[in-house]
Asks: 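Take a look at the following structure, please.
Atoms considered below: every heavy atom in the structure, side chains included; atoms not considered: hydrogens, waters and symmetry mates. For clarity, every value in this text was computed on a predicted model and none was experimentally measured. One-based numbering, in listed order, for ligands and for the atoms of each.
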Amino acid sequence: MTGQSSAAEGTTSPPTPDGVPFLGNGLAFSRNPVGAIEEWASLGDIVRLEIPGRTMYLVTGPGPIEQILVADHETFTISPAQRETFRGIEDHAVTTTTGERWERLRRALRPAFTRDAIQRYADRIVETTTTYVDEWEDGERIDLYREMRFLSVNVLADAMLDVDIRGREEVVMDAADALVDRANLRRPGQLLPDWIPTPTDRRFERTVTELDAYVDELISERRTTGLGDDVCSVLLDAHDAGDISLDEVRHNVVAMLLAGHDSPSVALTHAVRLLDGHPDVRAALVDESHDVVASDRPTGESSAALERTRNVVSETLRLYPPTLGVTRQATEAVTLDGHELPAGAQVLCPQWPVHRDERFWDDPTAFVPSRWQQPSDRPEYAYFPFSGGPRNCVGAPFARQELTLVLATMLDTVELDVSVDGPLTFTPSLQLRPEPDIDATVTRR
Ligand code: HEM
């Protein structure tokens, strides 16, 4: 480990873990992203990393995280790595824009995420899940993560876009895979100059073309059927009012389809896996869905009362946060927790080590959903699965409701007996996607 005193008075440079020549800390990161991040986080709340092509500051203290996301959010813009990952697919979306343009796009999306809208989506989430799960046969062995992806794409498309996407899910999933691949630190072409086309680039071009064509189809269909209250209509309304361009409509529909299914499917996979390992918790959830739901099937009205299920969702997002972390770039020199970061510094605030930090969590690695029943005085940013501040996840309320209702509906209908083929490792990319095969055997109730 190395560290230096800084020129700026009263500040020091953060420690840098030892790395290997040329690849710096990138090799450890790509081999075992969560293991490496945990180890580095133990060196301090702010650690400087040398990753090929860039210096990155790992920030794992709730105070500095809150400073970046909330208090000093105007000093921290989105990272060049994020813009680069989404280049050619979401250049006109909320995910990559900044300033007045980003504010305009968030405003245009707002009607699709009001409390009423979220309530409206609930019944459709339950309906889509019921239809999907009904197709699993008793004794069938399913690829759990893959099924959760298909289910999440269907839930998102039906509830938020009012489209039946059955048979076309892979158009969305392939584009998401291409994005994850592009940002994957383990990808062999990662170190090549941009002008050398790699198989990843070619796959990206192909999947993006297909997804763009699908989204164009959705938009013209919406024009033919007339605008409703789905997210595509909400964006077209804003376009008709002269607030956003057609490219902005397109790229934000793409952003919804991609951001809106990937993280929920990772979270659902872990939730089912964790429940399988904790039959007492699972039994309590089954009881809850029977008790709360008079009709034996959860509905929109009942989601608020599914308290234990909501605690399982919170605990799953704590132990297995679906995203690698939140990235930002400092627009000017800034002092964070006594350390001086130069203008242009790139920061990564990873949820994993913070969500498992024993300074803030009792028995941090244990799955204890009941911990969410107790009030706590831990710092707010000891838990931030959906990020925070003005640029937080726009889909957070939808996602929380979706995860709660999908779990309750599944638990009410089937029991899933899970097996994981090998140690639980993760893709070093945007999402912490599980790498081993995760199968489940279905028993119908
Ligand atoms: C478990 C589920 C989810 C998790 C853990 C999650 C997490 C996140 C995180 C960490 C960010 C980064 C925010 C930042 O840079 O500060 C983000 C951004 C975003 N998420 Fe989610 N998300 C989830 C589900 C969803 C859903 C269901 C949607 C859409 C319906 C969605 C849409 C978005 C969008 C559009 C952004 C970009 C926001 C912006 O930059 O203004 N997410 N999400």
Asks: Please indicate whether any nitrogen or oxygen in Arg391 is less than 3.5 Å from any nitrogen or oxygen in ligand 1.
Replies: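 So ligand 1 has an N or O lying under 3.5 Å from an N or O of Arg391.
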
Asks: With heavy-atom distances below 4.5 Å as the criterion, would you say the side chains of Ile165 and Arg168 are in contact?
Replies: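 Answer yes - side chains close enough.
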
Asks: Between ligand 1 and Trp102, can you find any atom pair, the residue atom being a heavy atom, that is separated by under 4.0 Å?
Replies: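 Per 4.0 Å heavy-atom rule, Trp102 contacts ligand 1.
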
Asks: Does Gln346 use its side chain to pair, donor to acceptor, with the backbone of Arg54 at less than 3.5 Å?
Replies: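 Flag not set: sc Gln346 to bb Arg54 has no pair under 3.5 Å.
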
Asks: Looking at CG of Leu151 and CD of Glu135, how far apart are the two atoms once the value is rounded to the nearest 0.5 Å?
Replies: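 With rounding to 0.5 Å, CG (Leu151) is 10.5 Å from CD (Glu135).
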
Asks: Against His270, only a single residue in Val266, Leu268, Val272 fulfils side chain to side chain contact (heavy atoms under 4.5 Å, CB included); can you say which?
Replies: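 The option that passes is Val266.
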
Asks: For ligand 1, is Arg328 a contact, meaning one of its heavy atoms is under 4.0 Å away?
Replies: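 The answer is yes: ligand 1 sits under 4.0 Å from a heavy atom of Arg328.
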
Asks: Within less than 2.8 Å of atom 21 (Fe) of ligand 1, how many protein N/O/S atoms are there?
Replies: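 That number is 1, waters not included.
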
Asks: Would Ala255 count as a contact of ligand 1 if the rule is a heavy atom under 4.0 Å away?
Replies: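 For ligand 1, residue contact (heavy atoms, under 4.0 Å) with Ala255 is absent.
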
Asks: Please indicate whether any nitrogen or oxygen in Glu402 is less than 3.5 Å from any nitrogen or oxygen in ligand 1.
Replies: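 Between Glu402 and ligand 1 (N or O atoms, distance only) the closest approach is not under 3.5 Å.
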
Asks: Go through ligand 1 atom by atom and flag the ones less than 4.0 Å from a non-hydrogen atom of Val326.
Replies: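 Those atoms are 14 (C), 15 (O), 16 (O).
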
Asks: Is it the case that Arg356 places NZ or CZ above or below the six-membered ring of Tyr320, under 6.0 angstrom from the centre and within 45 degrees of the axis?
Replies: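 Relative to the ring axis of Tyr320, which defines the angle, Arg356 lies inside both limits.
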
Asks: What's the shortest distance from atom 36 (C) of ligand 1 to any protein heavy atom, and which residue and atom give it?
Replies: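 Atom 36 (C) of ligand 1 sits closest to the protein heavy atom Thr95 CG2, 4.2 Å.
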
Asks: Consider only side-chain N and O atoms of Thr425 and Glu435, and report whether a donor and an acceptor are under 3.5 Å apart.
Replies: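 Thr425 vs Glu435: donor-acceptor pair found between side chains.
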
Asks: Parallel, tilted or perpendicular for His355 and Phe384, by the 30°/60° rule?
Replies: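 His355 and Phe384: perpendicular rings.
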
